[in-house]
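Atom set for the values below is all heavy atoms of this structure, side chains included, hydrogens, waters and symmetry mates excluded. The structure presented is a predicted model; accordingly, all values stated were derived computationally and were not measured.
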Amino acid sequence: LSSENLSALDFIVPEDHQRLVENLQASYQGKKPTSGNEYTALRADGSKYPIIVFGAPIFSNGVQTGTRGIIIDISERKAMENALRESESKYKTLIENSQDGIFAIIGDKVHFVNNTFCKMLGYSVEEVYGMPAINLVVPEDRERGSEISRRRLNGDLSTVNGIFHFLAKDGSVRECDTFSSVLELNGQIVSYLTVHDLTEN
């Protein structure tokens, strides 16, 4: 595609024109840098692809007269981001619809909990996040739970399986087959637990 007699807008989809113009105007006024803006670009055949623009102002006699820079095709990065979002969405759906309760603990706080676990004990998600994790089990099981936490802190990353008795909001007790494994998230040790309710059995 010849660039003769074409403006910058001719290479960008119409729905991005106003944002491009506003960004350029803001750059001229010194309010916003031209670098790092994402747009959807047009190829000569009319197909579209995502780009990121890194630019720098051009000055003449101390006055900005234009902008120059580079355009990077980020199609591959966007495809990876979309695939990751789709994977996360499927994983979240799987976790939320699990028949087992699932929650994760960092330190002494619940970092994540699924709806199944909340329904099992009659708590809202916010209520579970607001209490010490150890309070989810009956007092008789708390020392055993604390011991597992101490083992985790001392580097024991083995999976633990046992029967724990969880205390529901209404005071009833749910007897559960519980598996506790370890994940690492942003440098932190996370205890990841799956809880299978055996009470009815």
Side-chain angles (χ1 to χ4, degrees), residues 11-20 22-23 32 35-43 45-54 71-137 145 148-149 152 157-162 164 166-169 174 176-200:
F11 298 97
I12 305 295
V13 295
E15 52 266 40
D16 279 356
H17 285 183
Q18 182 177 350
R19 188 162 57 87
L20 174 61
E22 289 173 353
N23 287 338
K32 183 178 180 181
S35 293
N37 294 310
E38 293 186 15
Y39 304 98
T40 300
L42 284 171
R43 294 189 176 92
D45 62 5
S47 61
K48 302 175 183 179
Y49 62 105
I51 60 170
I52 187 168
V53 177
F54 294 93
I71 296 173
I72 299 175
D73 182 344
I74 55 173
S75 301
E76 184 175 342
R77 191 191 84 184
K78 285 295 183 182
M80 291 176 62
E81 289 175 355
N82 290 337
L84 179 60
R85 275 194 295 270
E86 184 177 335
S87 176
E88 288 175 344
S89 177
K90 289 179 179 178
Y91 182 69
K92 183 177 181 180
T93 299
L94 178 65
I95 292 295
E96 290 296 351
N97 290 288
S98 170
Q99 292 185 347
D100 291 336
I102 297 173
F103 65 105
I105 301 171
I106 297 178
D108 65 344
K109 293 291 185 182
V110 175
H111 182 72
F112 167 81
V113 62
N114 72 347
N115 290 328
T116 305
F117 186 77
C118 291
K119 290 177 181 177
M120 182 191 304
L121 300 185
Y123 288 109
S124 68
V125 172
E126 291 75 18
E127 286 173 323
V128 174
Y129 285 165
M131 69 174 70
I134 200 67
N135 287 3
L136 292 169
V137 297
I148 294 172
S149 296
R152 296 276 191 257
L157 307 183
S158 60
T159 297
V160 177
N161 173 225
F164 277 85
F166 287 83
L167 189 60
K169 186 176 181 178
R174 313 301 294 184
C176 300
D177 190 12
T178 305
F179 286 84
S180 174
S181 55
V182 177
L183 303 173
E184 186 173 329
L185 179 66
N186 299 326
Q188 292 182 297
I189 295 298
V190 181
S191 291
Y192 179 83
L193 298 97
T194 59
V195 177
H196 183 69
D197 192 352
L198 302 174
T199 308
E200 300 304 322

Report yes if some heavy atom in the side chain of Asp177 is under 4.5 Å from a heavy atom in the side chain of Asn161; otherwise report no.
-> yes
Worked check of side chain to side chain contact (heavy atoms under 4.5 Å, CB included) between Ile148 and Phe164 = CA-CA 12 Å; Ile148 294 172; Phe164 277 85; 3.8 Å; yes
Taking atom CG of Leu193 and atom CG of Leu136, what is their separation to the nearest 0.5 Å?
-> 10.0 Å
If you round to the nearest 0.5 Å, how far is CD1 of Ile71 from CD1 of Ile51?
-> 4.5 Å
Apply salt bridge (Lys or Arg N to Asp or Glu O under 4.0 Å) to the pair Glu22 and Arg19, showing each step before the final yes or no.
-> CA-CA 5 Å; Glu22 289 173 353; Arg19 188 162 57 87; over 6 Å; no
Applying side chain to side chain contact (heavy atoms under 4.5 Å, CB included), run through Val160 and Arg152 and close with a yes or a no.
-> CA-CA 10 Å; Val160 177; Arg152 296 276 191 257; 4.1 Å; yes
Between Val13 and Ala41 the two heavy atoms that sit nearest each other are CG1-O, 4.3 Å
Phe112 and Ile102: CA distance, side-chain angles, deciding distance, side chain to side chain contact (heavy atoms under 4.5 Å, CB included) verdict | CA-CA 8 Å; Phe112 167 81; Ile102 297 173; 4.3 Å; yes
Check Tyr123 against Met131 and note the closest heavy-atom contact, atom names and distance.
-> CE2-CE, 3.6 Å
Atom CD1 of Ile74 and atom OG1 of Thr40: how far apart are they, to the nearest 0.5 Å?
-> 8.5 Å
Are the side chains of Cys118 and Val113 in touch, meaning some heavy atoms are under 4.5 Å apart?
-> yes
Nearest non-hydrogen partners of Ser75 and Tyr49, listed with the distance | OG-CB, 3.6 Å
Do you know the tightest heavy-atom contact between Lys109 and Gly130?
-> NZ-O, 4.1 Å
Do Phe166 and Thr178 have side-chain heavy atoms sitting under 4.5 Å apart?
-> yes
Would you find a donor on one side and an acceptor on the other, under 3.5 Å apart, between the side chain of Thr93 and the backbone of Ser89?
-> yes
Hey, is CD on Glu15 packed in by over 12 heavy atoms from elsewhere, all under 6.0 Å?
-> yes
Glu38: which of Asp16, Val53, Ile52 passes side-chain contact (heavy atoms from CB on, under 4.5 Å) = Ile52
Any side-chain heavy atom of Phe103 within less than 4.5 Å of one from Val128?
-> no
Could you state the interatomic distance from CG (Asn82) to CZ (Arg77), rounded to the nearest 0.5 Å?
-> 10.5 Å
Stepwise side chain to side chain contact (heavy atoms under 4.5 Å, CB included) test for Thr116 and Asp100 | CA-CA 6 Å; Thr116 305; Asp100 291 336; 5.8 Å; no
Do other residues, nucleotides or ligands put more than 12 heavy atoms under 6.0 Å from the NE2 atom of His17?
-> yes
Note, Val182 side chain near Ile189 side chain (heavy atom, < 4.5 Å) | yes
More than 12 heavy atoms of other groups within 6.0 Å of Met80 CE = no
Shortest non-hydrogen contact from Val110 to Tyr129?
-> O-CD2, 3.5 Å
Arg43 with Asp73: basic N within carboxylate O range, under 4.0 Å = yes
Are any of the side-chain heavy atoms of Lys48 and Leu42 separated by less than 4.5 Å?
-> yes
Of all the heavy-atom pairs spanning Glu200 and Arg174, show the shortest one and how long it is.
-> OE2-NH2, 3.7 Å
